[in-house]
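The block underneath contains the structure these notes are about, expressed in structure tokens.
In listed order, ligands and their atoms are each counted from 1. Remember, predicted model here, so these are calculated numbers, not experimental data.
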Amino acid sequence: MKAKLEEIRARAHQELANADLKESVEALRVKYCGKKGELTAILKQMGKLSAEERPIIGQLANEVRTNIENAIDEKKKQLAEAKLENQLREETIDVTLPGDTMPLGHKHPLSIVLDEIKEIFIGMGFEIVDGPEVEYDYYNFEALNIPKDHPARDTQDTFYITDNIVLRTQTSPVQVRVMEKQKPPIRIISPGRVFRSDAVDATHSPLFHQIEGLVVDKDITFADLKGTLDTFIKRLYGDDSVVRFRPHHFPFTEPSAEVDVQCFSCKGKGCRVCKGEGWIEILGCGMVHPKVLENCGIDSEEYTGFAFGLGLERVAMRRYGVDDMRLFFENDTRFLSQF
Ligand code: DAH
């Protein structure tokens, strides 16, 4: 029996050495020390022993049991420690590793150009004002000297909401709103969205942006208009830009002009960019029509003013060499991320 106990002890240690899972260690505990385990089975046979042998074997059996139980506890502890160590190693965070970079958003090209234009005019003492996109016919047309039967209405394919309310086709109505509220001196620009029911193509969109400008004071002349716009264009496109004023007609200005810059690509010779013209149209302008001043309660004998309007998309297209306006509105990040 003594030999049997030693054999059990040796076998238990060997099997324990090979066990590498908590579950298999627990199985060994049941196998050797459990109620139906091998040691218990041996102890049950103690009755067959002689009175002298019984305490000796009994003592040995208890010693073997304690020994195996201790070894099992020790093994369990080792496994738990190894598991924890492994977990710590696997979950280590290396704070020196560079993080995953998040793609950074940035300004839309139209916003970049608009901010630049605002800065230029702020630098010349202009204020920036806002106006409604849903506008009365009166402000969008009537007060600007465009009565109901005026042919200029045909060129601005208007979205009507009711007979009297439209989506503004231009930012010019802001002129009227400002002059109604504010007495001269007035020096403002008003950027914003405008709407025309145009078919979409590379140079037309039902929604686009204009920037309106208005200066009203005593003794404002066409020379002030020329000086201001010439300075603006040179700041925007560079000091070597060549600017030309060409007579034109707008119902709300008299006299009126369109302003061209000499083509940057061909320096006036005529190329694909300027469609052979040598010049590129930038904006419309003129001296505020006396009727418009009077419509807003400003005495046209005492005050004069000039106004201008430019299309933001055109400026941005030229600035960045974009040949299709639709790109500005499609929000394709492959396009937008280039700016
Ligand atoms: N509102 C005009 C348009 O949409 C642009 C314009 C021309 C505005 C001359 C003005 C101006 O203020 O004086 O075509």
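Summary of contacts: the protein heavy atom closest to atom 14 (O) of ligand 1 is R196 NH2, 4.1 Å. The protein heavy atom nearest to atom 5 (C) of ligand 1 is G309 CA, 4.1 Å. Closest protein heavy atom to atom 12 (O) of ligand 1: E212 OE2, 2.5 Å. Of all protein heavy atoms, the one closest to atom 1 (N) of ligand 1 is Q170 OE1, 2.7 Å. Nearest protein neighbour of atom 11 (C) of ligand 1, counting heavy atoms only, is F252 CE1, 3.5 Å.
With rounding to the nearest 0.5 angstrom, the NZ atom of K44 is 12.0 Å from the CG atom of L39. Between the NZ atom of K31 and the CZ atom of R29 there is a distance of 14.0 Å, given to the nearest 0.5 Å.
The closest side-chain heavy-atom distance from F245 to C285 is below 4.5 Å. No side-chain heavy atom of H204 sits under 4.5 Å from any side-chain heavy atom of R196.
Residue contacts with ligand 1: A307 is placed with a nitrogen or oxygen under 3.5 Å of a nitrogen or oxygen of the ligand (distance criterion only). For ligand 1, the polar-atom distance check finds no N/O of T169 at less than 3.5 Å from any of the ligand's N/O atoms.
Shortest non-hydrogen contact noted between A202 and R326 is N-NH2, 3.5 Å. Between L214 and F308 the shortest heavy-atom distance is N-CE2, 4.5 Å.
Using cut-offs of 30° and 60° for the angle between ring planes, the F121 and F126 rings count as perpendicular. Relative ring orientation between F329 and H209 is described as parallel, the plane-to-plane angle staying below 30° on a 0-90° scale split at 30° and 60°.
Tested against E281, the residues R314, K275, R244 include a single salt bridge (Lys or Arg N to Asp or Glu O under 4.0 Å) partner, R314. Looking at I211, L312, T171 one by one, the single match for side chain to side chain contact (heavy atoms under 4.5 Å, CB included) with P191 turns out to be I211.
Under 4.0 angstrom from ligand 1, the non-hydrogen atoms of F308 all belong to its backbone. Heavy atoms of H289 found under 4.0 angstrom from ligand 1: none, in either backbone or side chain.
Every heavy atom of F306 sits 4.0 Å or more from the atoms of ligand 1. Residue contact annotation: M287 has no non-hydrogen atom under 4.0 Å from ligand 1.
Which parts of ligand 1 touch Q175 is read off a 4.0 Å heavy-atom cut-off, strictly below it: atoms 12 (O). Below 4.0 Å from some heavy atom of Q210 lie the following atoms of ligand 1, by number and element: 3 (C), 4 (O). Within the listing of ligand 1, atoms 13 (O) sit less than 4.0 angstrom from a heavy atom of T253. The atoms of ligand 1 that sit less than 4.0 Å from any heavy atom of G286 are 13 (O). Residue C285 approaches ligand 1 through these ligand atoms, each under 4.0 Å from one of its heavy atoms: 9 (C), 11 (C), 13 (O).
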